[in-house]
Engineer: 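One structure is given below, represented as structure tokens, and several questions about it will come after.
Chain A is the first sequence line, chain B the second, and so forth, proteins listed ahead of strands; every chain is numbered from 1.
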Amino acid sequence: MTAPIEPIGYDPSAVEARWRQRWIDRATNTTDIARGKDPFYALMMFPYPSAEGLHVGNLFAFTGCDIYARFQRLQGHTVFEPLGYDAFGIHSENFALKVGKHPMELIPSNIRNFRRQLDRAGLMVDWSRSVDTTAPDYYKWTQWVFLQLFKRGLAYKKAAAVNWCPSCKTVLANEQVEGGTCERCGTTVEQRFLEQWFFKISDFAERLLHNLERLDWSETTKQAQRNWIGRSDGARLRFRVLDALADAGSSTVAVTGEMRTPADAPEIEVFTTRPDTIFGATYLVLAPEHPLVEAITTPQQRSIVDAYRARSAKQDLISRKTTKEKTGEFTGAYAANPATGGLIPVWVADYVLMEYGTGAIMAVPGHDERDFEFATRFDLPIVRVVAGEGQDAHTPFAGEAYVGDGRLVNSGRFDAMPVDAAQRVLTEWLEGMHAGRAVTNYRLHDWCISRQRYWGPPIPIIYCDKCGTVPVPEDQLPVVLPDIPDFKPDDSGVSPLARHEEWYRVPCPTCGAKARRETDVSDTFLDSAWYFLRYPSVGRDDVAFDRETTKKWLPVTTYIGGNEHAVLHLLYSRFITMVLHDMGLLDFEEPFTKFRAHGLIIREGAKMSKSKGNVVNPDDYIDAWGADSFRTYLMFLGPFEEGGDFRDAGISGVKRFLDRLWASVRDGTADGTPDPEVMRKLAATIKKVGEDVPALSYNTAIAAMMEYMNTLRKGERTCHRAEVEPVVQLVAPFAPHVAAELWEMLGHTESVFDSRWPAYDPSLLVSDTIELVVQVGGKTRGKIVVAKSITQDEALAAAKADPAIGKFITGEPKKVILVPGRLLNVVV
RNA sequence: GCGAGAGUGGCGGAAUUGGUAGACGCGCAGGACUUAGGAUCCUGUGCCGCAAGGCGUGUGGGUUCGAGUCCCACCUUUCGCACCA
């Protein structure tokens, strides 16, 4: 990058340093939480303070939010713009392990570095109310949130599968497994079953889905949440397992209506979205982990089924889900298809997932691609029960399942019924036979918050042999994370905290007997699922959030952040808010009234990353060009919600713009009168910027201001003070330091941010003459200046009279179209 | 595979309800000022053409007086989700 050799225009480093200090001295950015009128809570997603320091991506997001917030302040709101640090988690811990430092040492120094960089960026952040998720006075309340869920029965413990790297001896998050191997060491990952704490978010699936409709959020974000929640309407159907021994040795499917089944025979419950295809269900499949596998497998099949289950249990979760090749084994058992009465074999296969639906399916190979593939591979019968257009009951399958629409065939008395009607009718029919019922299923599963790690808030639970699972009493919070040197996870599959008896041995809070603490810590997503509740109440030691303050400041007016958190963070925050609302602790159940996702900054066609060597260090640019130019340039790259392509070259244009503004204020005169044409353009610019900024169209707002500067200075004219003064206010959200300086140069003593957004006279924007575009045969041939109220005939006459246009109008017009105020099209 | 989005000059990107395509900036060219210019200022800059004019928004069709914008098919690409029954 190249910096200007000798600074021209104004000197950003001097101006910016001066105003940074004044803002501190005058507490300009400190919000009057208690008394401020017309509150506006402008929230940005808090960063993880990495050792690398602030990333341009962070700064892009923060700047975009800051501009919005400063604009709202200029509109007269009392704006609260807090920022903090999301510093717990595997990310920090792994980095600490890598560099051989303790996170308790590393994180504070990272935070200091972040703060240094953030201070230079010109953000209107109220640092008197910041949070650090790793501070005991913060995670005390994270633990309190856990206890509230526990109290409500929304936190429970169960065994669940996790990814385990045998080389790193640690549990891995799904994101840390790449193609079935550990992202750090390349070892094949296994799965382990561990007891883990879960939050019952699935109970809230319908509300989380339904409420989306009334939220003012980016549509892409809402759609991502809908997909994640994954509502699907279908039916649960029950298949009775026949006495396996009675059928031993028979591998053919006997069609018999006789139920030789004992009354207590097990039943397999499946979930299907296609109850209409029940007549085509030719076999059942259970997930390898399904509890009934044990009970129904015949002695002959037991050894191969056990081997299969052992194999899939060993396989890691990710590669199992990504391997497309179908595998499975026959259990030896048969079940009765409730529709046909026929016997169908029960298989076990890993393409059925235990965590979705009931962990069992009815396979309809004729009309499901996966079942078709499986049935083909294992030579299971494939029956057509839906015929599309031009097909009938006997149309063969052309190497693939038929998943399209159509009418039922081979379905007894339901033949010829359209698929959509059959879904309903067949569900009712099966319901009548007590073989099923309509249900809605969600893909969303409960939130596993346990981490067998060190760097997180300890889960506030104590296990007592007498009293069982006992929550730590609220007045004994926080459960402080001990400062231990050996925080590295080991082969045991339990948290490093479990190695410290002096920490986990505690008396039971209820009976006083010897008891032990839970040694897992909680997921970082829990830290961030409630932080926005804390900011306005920072400083209160007695409550997580003050009732009155919260009532005044929440829900968050506008939240801006990355779409990478479109699902988890935003969904968990909504969930926690809903729970606290149901407990009567909050008056609202949706935390973020408006959410906008910002785009990504790319460079040289790729996302910035250290490995690609295309990372931009904000410090270098701020040194060379100043924070104001850097901020404005970042916003000028492209639409804020889409991101942009960072190139060094472009920033000079933005600096030139600010220099020209500077020069115009310095050289402007108060003598004489402003130019009416310039004032007209100014009014249009105030209008445009005032519309673009709240729409986050920062790039076009900046373009409009640049355009105005071109008008203002055209032909090296000396401008009038009234022509330039409002521009200082328009530019203030983007370039706060230089705006503050210019505002003072103009003689104002109060902060530009406490001035009000400039007004404009709308009457300046209407004129009685317009430029009418003239097309002949749809091709633009020129434009004419005419009265606004011109009639079609007059316009036509004027067009003919214009020599440059008239020559194209040969002969009588066939048709004339006048779009009032815009265009005339003459068809010849 | 499914879902959502995007393809416009040399480059980043603008374009109300279908109504002057290319605002603004970078870059480039010419000029002014200058000992000098990689500073500043002015002018020009989609492509072809001396010009008149023609051609132009991923490709091919369509609707319309008029399409970057609407419809159909296709290509490329980005981002999510991914055996979800």
Engineer: Starting from the 5' end of RNA chain B, give me the residue, A:Asn710 or A:Asn699, whose nearest nucleotide shows up first.
Structural biologist: A:Asn699
Engineer: Quick one: which of B:G19, B:G25, B:A82 gets closest to the side chain of A:Met706?
Structural biologist: B:G25
Engineer: Base, sugar-phosphate, or nothing: which does A:Ile361 touch, judged by heavy atoms less than 4.0 Å apart?
Structural biologist: base
Engineer: For the side chain of A:Arg660, counting heavy atoms from C-beta on, which of B:C55, B:G19, B:C42 is nearest?
Structural biologist: B:C42
Engineer: Could you give the distance separating B:A21 and B:C28 at their P atoms, to the nearest angstrom?
Structural biologist: 29 Å
Engineer: Using atom C1' of each nucleotide, how far apart are B:C75 and B:C11 to the nearest Å?
Structural biologist: 24 Å
Engineer: Measure from the side chain of A:Ser652, starting at C-beta and using heavy atoms only, and say which of B:C26, B:G12, B:A14 lies closest.
Structural biologist: B:C26
Engineer: Can you tell me, in whole Å, how much space there is between the C1' of B:G53 and that of B:A67?
Structural biologist: 23 Å
Engineer: Heavy atoms only, 4.0 Å cut-off, all strands: where does A:Arg781 land among base, sugar-phosphate and nothing?
Structural biologist: sugar-phosphate
Engineer: How would you label the contact of A:Val827 with the nucleic acid (heavy atoms, under 4.0 Å): base, sugar-phosphate, or nothing?
Structural biologist: sugar-phosphate
Engineer: With sugar-phosphate meaning primed atoms plus P, OP1 and OP2, does A:Phe374 contact a base, only sugar-phosphate, or nothing at under 4.0 Å between heavy atoms?
Structural biologist: nothing
Engineer: Quantified in whole Å, what is the C1' atom distance between nucleotide B:C83 and nucleotide B:G1?
Structural biologist: 10 Å
Engineer: Taking all non-hydrogen atoms of both residues into account, name the closest pair between A:Ala287 and A:Met354 and its distance.
Structural biologist: CB-N, 3.6 Å
Engineer: Under 4.0 Å between a Lys/Arg side-chain N and an Asp/Glu carboxylate O for A:Arg231 and A:Asp233?
Structural biologist: yes
Engineer: Consider the side chain of A:Asp645, meaning its heavy atoms from C-beta on, and name the nucleotide among B:A82, B:G12, B:A14 that approaches it most closely.
Structural biologist: B:G12
Engineer: Provide, to the nearest angstrom, the distance between the NE2 atom belonging to A:His290 and the P atom belonging to B:A85.
Structural biologist: 17 Å
Engineer: Testing the 3.5 Å rule here: is there a donor-acceptor pair between the side chains of A:Ser202 and A:Tyr442?
Structural biologist: no
Engineer: With RNA chain B as reference, determine whether A:Gly638 or A:Leu600 sits nearer its 5' end, using the nearest nucleotide of each.
Structural biologist: A:Gly638
Engineer: A:Ala649 near the nucleic acid: base, sugar-phosphate alone, or nothing, with a heavy-atom cut-off under 4.0 Å?
Structural biologist: sugar-phosphate
Engineer: Taking A:Thr220's backbone N and O only, do any of them form a donor-acceptor pair with A:Ser218's side chain (distance below 3.5 Å, no angle check)?
Structural biologist: no
Engineer: Without decimals, in angstroms, what is the distance between A:Tyr351 OH and B:A82 P?
Structural biologist: 20 Å
Engineer: Using a strict threshold of under 4.0 Å (side-chain N to carboxylate O), is an ion pair present between A:Glu677 and A:Arg680?
Structural biologist: yes
Engineer: Counting the atoms with a prime plus P, OP1 and OP2 as sugar-phosphate, which does A:Glu707 contact under 4.0 Å by heavy atoms, base, sugar-phosphate, or nothing?
Structural biologist: sugar-phosphate
Engineer: Determine whether the side chains of A:Asp350 and A:Ser312 contain a donor N or O and an acceptor N or O closer than 3.5 Å.
Structural biologist: no
Engineer: Could you write out RNA chain B as a dot-bracket string, with dots for unpaired bases, | for bases paired across to another strand, and Watson-Crick or G-U pairs counted at under 3.5 Å?
Structural biologist: (((((((..(((......[....)))((((((.......))))))(((....)))..(((((..]....))))))))))))....
Engineer: Measure the distance from NZ on A:Lys779 to P on B:A67 and round it to the nearest whole Å.
Structural biologist: 9 Å
Engineer: For the residue pair A:Arg781 and A:Phe808, would you count it as a cation-pi contact if the rule is NZ or CZ under 6.0 angstrom from the ring centre and within 45 degrees of the ring axis?
Structural biologist: yes
Engineer: When you measure from the centre of the six-membered ring of A:Trp228, is the NZ or CZ of A:Arg443 closer than 6.0 Å and no more than 45° off the axis?
Structural biologist: yes
Engineer: Select one nucleotide: of B:A85, B:G12, B:G19, the one nearest the side-chain heavy atoms of A:Ser232.
Structural biologist: B:A85
Engineer: Syn or anti for B:G56? Use the chi torsion, O4'-C1'-N9-C4 for purines and O4'-C1'-N1-C2 for pyrimidines, with syn inside 90° of 0.
Structural biologist: anti
